[in-house]
Amino acid sequence: MNSLKTLIQVFGAATLLTLAGCSDGPAEETGEEVDEMVTDAQNAVEDACENLKEAAKAENENC
């Protein structure tokens, strides 16, 4: 009986944590901003690489 009660408590706690993780809070907004900055930086590096290869007249301009 105790193991069933413990299992129910663990399941309830996991459910609450999952629901709390779905809310649009400041941490999620910050994470999205960081993701956007990383994507922008990756795109800038790729663009710079392609421009450099184009200026060097490389056969393969993909980076």
Side-chain angles (χ1 to χ4, degrees):
M1 192 70 168
N2 279 340
S3 61
L4 179 61
K5 185 176 179 181
T6 303
L7 181 62
I8 291 171
Q9 289 174 341
V10 168
F11 180 77
T15 302
L16 288 175
L17 288 173
T18 301
L19 292 175
C22 292
S23 66
D24 286 342
E28 183 175 357
E29 291 175 14
T30 302
E32 289 173 358
E33 289 174 6
V34 169
D35 288 343
E36 187 176 335
M37 286 189 293
V38 168
T39 300
D40 290 346
Q42 288 172 334
N43 290 338
V45 168
E46 186 174 359
D47 290 345
C49 178
E50 289 172 353
N51 291 338
L52 182 63
K53 284 187 168 187
E54 184 180 327
K57 297 182 182 174
E59 286 184 30
N60 182 1
E61 293 181 6
N62 294 329
C63 293

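Just so you know, these numbers use all the heavy atoms, side chains as well, and skip hydrogens, waters and symmetry mates. Values in this document were obtained by computation on a predicted structure and should not be read as measured data.
Under a 4.5 Å side-chain heavy-atom cut-off, the cluster of Ile, Leu, Val, Met, Phe, Trp and Tyr residues that includes V38 is completed by V34, M37.
Remark: Q42 CD to D47 CG distance equals 12.0 Å, nearest 0.5 Å. In this structure, CD in E28 is found 5.0 Å from CD in E32, a value given to the nearest 0.5 Å.
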Requested in this report: Could you go through the side-chain contact (heavy atoms from CB on, under 4.5 Å) check for E50 and E54 one step at a time?
Outcome: CA-CA 6 Å; E50 289 172 353; E54 184 180 327; over 6 Å; no

